[in-house]
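Comments concern the structure below.
Side chains included, hydrogens not; waters and symmetry mates left out as well; all remaining heavy atoms used.
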Amino acid sequence: MSLALVLAIVGTLAGGYYFAMRPVTLKIAVGPANSDDVKVVQTLTQAFSQSKGYVRLRPIQTEGATASADALAAGKVDLAIVRGDLDVPKNAQAVATLRKNVVVLWAVAGKGKKKGAKITKIAQLAGRRVGVVGRTQANVNLLKVILQQYGVDPAKVEVVQFPASEVAEAIKAQKADVYLAAGPVNSKITSDAIAASVKEGGSPTFLAIDSADAIAQNHPAYESAEIPAGTYGGSPDRPDEEVKTISFSHHIVARKGLSETTVAAFTRQLFAVRQQLVAEFPLAAKIETPDTDKDAVIPVHPGAAAFVDGEEKTFLDKYSDYIWWSLMALSAMGSIGAWFAGYLKKDERDSNSHLRERLLDMIAAARKSETTEELDQMQAEADDILRDTLRCFDHGAIEESALTAFNIALEQFHVAVADRKALLLSMPASLQRAGAQFRAAGNA
């Protein structure tokens, strides 16, 4: 029973450890197709699979950040790539900052009849056309926030949207006076758009968002940022001096109810492979730890916070109390089971105890026996007692110590029988008969 209990405990612990540490596959929503975010997630998926870590990823492609957020809100995915300046689902908690984006506004001098007055300030955009790179409505909303900060009525600004693949054609066709792009500082899309502007209209004029601090104060999803001089190359540098602007982030968020252990493992693996991917995929270098402050725009997931703050718990840290109480419970159950099993065998044990007392009485009777027939009868009875005792031992009704005591008594009985038989056989037959008649008369 002790061995069975130990094996049960070991099996329970091994099964619990396997269950807790088996690989987990998380579905992550990301989009749109062919975007940098999709490429980063695909690269992470391959890296996680090759490292054979605790967490694996399964990308779920969506139409964009808004659709990804909706999928997380509906519980269809475990993780999602969301844009910080959009409505973040209430059940979303930050795990990491995938990248920071800056807003770039630049004016292009028109050619021929479309050439107008030079635009140098955002306040001059009333009555102008602004080309927004990308089909997402979020960039249009971002433009409206900037215009309203400068007192420009968005209704008086004509907005023209086009996908990133059509930027060069739009600039060549002079579809707008000013262009807006949002992405990482070194975004290839923004760099190509500015290069196309230079080719078609000369050196562009970058519009500074000097009120970036005020915008960040009024809209916590945005932060004040700067575009360093020469970011987009050229000679002279483009821009020729630092330009103030605003920024926002793309975040990796997790469902609120997702296990802390799983999220902590995902965060650990994410930052473990990040450095390995930088050479092959530079965008991975943009991944940063989340804001763990209590007043963060997107509250951090406890699992990610535990990793960032160095408070991640090990398997034993998390389950030691459960293991301890389980051991105590198993020990108590074992004791109760042993007592109950002993209680069920109480009658059988008492019966055997009486048989052992009978065997001791038979030792004294054997030493006084007058005939070998009586000794043979007692020997047969002793055999029955031996059989019953061995059966009780097999059933667990008596312990090995009791069996040892019985063996001593049985040995003494055999010695008494052997001695008495030897004595009786040495006596004349007439004396044996006389003794038997004497006992019979006495009994009568």
Side-chain angles (χ1 to χ4, degrees), residues 30-47 59 61-65 68 81-85 97-108 130-136 138-140 142-143 160-173 175-176 178-207 225-240 242-243 245-252 274-275 277-288:
V30 59
N34 300 320
S35 63
D36 289 341
D37 291 346
V38 171
K39 295 176 182 177
V40 169
V41 170
Q42 289 175 342
T43 305
L44 289 175
T45 300
Q46 295 176 358
Q61 192 167 293
T62 64
E63 295 179 357
S68 297
I81 307 298
V82 301
R83 182 167 163 164
D85 60 339
T97 299
L98 184 62
R99 58 185 169 90
K100 290 185 178 293
N101 309 280
V102 295
V103 177
V104 184
L105 277 166
W106 72 96
V108 180
V130 177
V132 177
V133 180
R135 291 294 191 184
T136 175
N139 286 346
V140 177
L142 173 57
L143 174 62
V160 181
Q161 279 188 276
F162 42 83
S165 59
E166 299 177 8
V167 172
E169 295 179 5
I171 293 175
K172 184 177 181 179
K175 290 184 177 182
V178 174
Y179 294 89
L180 179 148
V185 173
N186 59 348
S187 169
K188 186 176 186 302
I189 294 175
T190 304
S191 299
D192 291 345
I194 293 174
S197 300
V198 173
K199 181 178 180 180
E200 298 299 332
S203 182
T205 301
F206 291 89
L207 308 185
E226 291 81 27
I227 302 174
T231 296
Y232 304 109
S235 180
D237 291 340
R238 296 191 293 268
D240 55 0
E242 186 178 84
V243 178
T245 185
I246 59 174
S247 68
F248 61 92
S249 300
H250 274 64
H251 302 276
I252 301 177
R274 182 188 62 172
Q275 296 301 325
L277 302 177
V278 169
E280 177 184 353
F281 202 76
L283 286 176
K286 305 296 181 182
I287 301 175
E288 300 178 0

Fill in: Validation row: Leu142, Ile246 side chains within 4.5 angstrom (heavy atoms)
yes

Worksheet item: Heavy-atom distance under 4.5 Å between the side chains of Val198 and Pro204, does that happen here?
Response: yes

Without swapping roles, check the side chain of [X] against the backbone of [Y] for a donor-acceptor pair under 3.5 Å.
X      : Y      : answer
Arg135 : Gln161 : yes
Thr190 : Asn186 : no
Glu63  : Gly31  : no
Arg238 : Ile194 : no
Thr245 : Val104 : no
Thr97  : Arg99  : no

How long is the straight-line distance from [atom2] of [Y] back to [atom1] of [X], given to the nearest 0.5 Å?
X      : Y      : atom1 : atom2 : value
Tyr232 : Trp106 : OH    : CH2   : 8.0 Å
Ser68  : Gln61  : OG    : CD    : 9.5 Å
Lys286 : Asp36  : NZ    : CG    : 11.5 Å
Glu242 : Thr231 : CD    : OG1   : 9.0 Å
Glu288 : Leu98  : CD    : CG    : 10.0 Å

Nearest heavy atoms of [X] and [Y], plus distance in Å:
X      : Y      : value
Asp237 : Gly230 : CB-CA, 3.7 Å
Ile171 : Ala193 : CD1-O, 3.2 Å
Pro228 : Val185 : CD-CG1, 4.3 Å
Val102 : Ile227 : CG2-CG1, 4.5 Å
Ala176 : Gly131 : CB-N, 3.3 Å

Discussion item. Which residue is it: Asn139, Asp37, Asn101? I am looking for the one with a side chain to side chain contact (heavy atoms under 4.5 Å, CB included) to Arg83.
Written reply: Asn139

Worksheet item: Is atom CD1 of Ile189 surrounded by more than 12 heavy atoms (other residues, nucleotides or ligands) closer than 6.0 Å?
Response: no

Practice prompt. With side chain to side chain contact (heavy atoms under 4.5 Å, CB included) as the test, would you mind laying out the steps for Ile252 and Ile81 before giving the verdict?
Written response: CA-CA 5 Å; Ile252 301 177; Ile81 307 298; 3.4 Å; yes

Practice prompt. Show your reasoning for whether side chain to side chain contact (heavy atoms under 4.5 Å, CB included) applies to Val167 and Tyr179.
Written response: CA-CA 10 Å; Val167 172; Tyr179 294 89; 5.9 Å; no

